[in-house]
Trainee: 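Please see the structure below; I have some questions.
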Number of protein chains: 2
Amino acid sequence: MSREIRRTMPLLSMSIVMQLTELSARQIRYYEEHHLIEPHRTEGNRRMFSLNDVDTLLEVKDYLEQGMNMAKIKKIFAKRKDPVATTEEQDLSDSELRQIMREEMRQAQRMQKSSIRRGDLSRFY
Amino acid sequence: MSREIRRTMPLLSMSIVMQLTELSARQIRYYEEHHLIEPHRTEGNRRMFSLNDVDTLLEVKDYLEQGMNMAKIKKIFAKRKDPVATTEEQDLSDSELRQIMREEMRQAQRMQKSSIRRGDLSRFY
DNA sequence: GCAACCATGTTAGGAAACCTTACATGGCCG
DNA sequence: CGGCCATGTAAGGTTTCCTAACATGGTTGC
């Protein structure tokens, strides 16, 4: 039991995640459809997100803003999960890999400053 | 901007707080009525709680389980907020103060282990 | 240049979660 | 015993979220 709230705990409702990520509900559901996140469900079938889900969504948002498409983003996550098992279709080109590494550097930099995207939280105080 | 989610950020819905604290909605609203917490409201008038609110609720729950009544609990919080400004009615007896100090020791002990009450979170994994 | 697809917007209809208000109730204390 | 305190419960209404379906602007491939 860690001192902080577990990052995998499904605590957050749709509306809060929309605010935290500045994504639309449509976008969030679409990314779920593509299995980039898999939020829990309440008994009444409502999505409940964890802090990890929020992180993932912010990362997806970044990749898309950089011009990647869903297929590529999926490959990235697949590769991260299991760097060895690569089928031909899953494989990434050299330039793709370079792009990903560049993005992961930025991601890491961001994580040093905050678990949530910089500058986006003033509306909560 | 701290590394962790701000403890004052209103992130949590009623149902989640009910699970985290094992209090009923009625109880939570009653404690709010007595100004022990003051959750934010969405545009649609729904309560949104912070992690601090959850901590406070757990503390209130403890005090009540120890047999204190709301009046005494209110005094405790008032005193903590401003230890100097005490009117006669606000004042606490010696035995009350001893009871509070005992409870605050327990509280501190608990905080060392977890920000949420020990043993209550297995249902989230 | 057009067809097709991708990511997202929008709308509709329904269900779940939450709101306030009001009344009920069991336990405790003077 | 009477009354109050903390909580339960019910009713009726509103907000938030759900899925499903169709619409659309921007790219991409031919």
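Model, not experiment: these values are computed from the prediction.
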Trainee: Grab the N/O contacts between the protein and nucleotides 26-30 of chain D below 3.5 Å, and write none if there aren't any.
Mentor:
none

Trainee: Between M70(A) and L36(A), does the side chain to side chain contact (heavy atoms under 4.5 Å, CB included) criterion hold? Intermediate values first, please.
Mentor: CA-CA 9 Å; M70(A) 296 295 286; L36(A) 299 178; 3.6 Å; yes
Trainee: Main chain of N52(A), side chain of D55(A): is a donor-acceptor contact present, judged purely on distance under 3.5 Å?
Mentor: no
Trainee: Return the CZ to CE distance between R26(B) and M18(B), rounded to the nearest 0.5 Å.
Mentor: 12.5 Å
Trainee: Quick check on DNA chain C: between T42(A) and A71(A), whose nearest nucleotide comes earlier from the 5' end?
Mentor: A71(A)
Trainee: Are OP1 or OP2 of dT15(D) and a side-chain N or O of R46(A) less than 4.0 angstrom apart?
Mentor: no
Trainee: Evaluate side chain to side chain contact (heavy atoms under 4.5 Å, CB included) for L51(B) paired with L12(B), printing each intermediate quantity in order.
Mentor: CA-CA 8 Å; L51(B) 292 174; L12(B) 309 174; 4.0 Å; yes
Trainee: Check the pair I28(B) / I37(B) against side chain to side chain contact (heavy atoms under 4.5 Å, CB included), numbers first and verdict last.
Mentor: CA-CA 9 Å; I28(B) 294 169; I37(B) 53 172; 4.2 Å; yes
Trainee: How long is the gap from CE on M14(A) to OG on S24(A), to the nearest 0.5 Å?
Mentor: 8.5 Å
Trainee: In the structure I gave you, are the side-chain heavy atoms of I73(A) and Y31(A) within less than 4.5 Å of one another anywhere?
Mentor: no
Trainee: In residues 24-33 of chain A, which residues come under 4.0 Å of DNA chain C by heavy atom?
Mentor: S24(A), R26(A), Q27(A), Y30(A), Y31(A)
Trainee: Would you grab the first and last nucleotide of DNA chain C (5' to 3') that comes under 4.0 Å of any non-hydrogen atom in chain B?
Mentor: dA17(C) to dT20(C)
Trainee: At what distance, to the nearest 0.5 angstrom, does OG of S50(A) lie from CZ of R6(A)?
Mentor: 12.0 Å
Trainee: Do side-chain atoms of D62(B) reach the backbone of E59(B) as a donor and acceptor pair under 3.5 angstrom?
Mentor: no
Trainee: Rounded off to whole Å, could you give me the CD-to-P distance for the E43(A) and dC18(D) pair?
Mentor: 16 Å
Trainee: Could you tell me how far apart M18(B) (CE) and dG8(D) (P) are, to the nearest whole angstrom?
Mentor: 9 Å
Trainee: Any sub-3.5 Å donor-acceptor pair from K61(B)'s side-chain atoms to T21(B)'s backbone N or O?
Mentor: yes
Trainee: Do L11(B) and L20(A) touch side chain to side chain, with heavy atoms closer than 4.5 Å?
Mentor: yes
Trainee: Figure out the CZ/P separation between R41(B) and dT14(D), and round it to whole Å.
Mentor: 16 Å
Trainee: Pick the nucleotide of DNA chain D nearest each of H34(B) and G44(B); which residue has the one closer to the 5' end?
Mentor: H34(B)
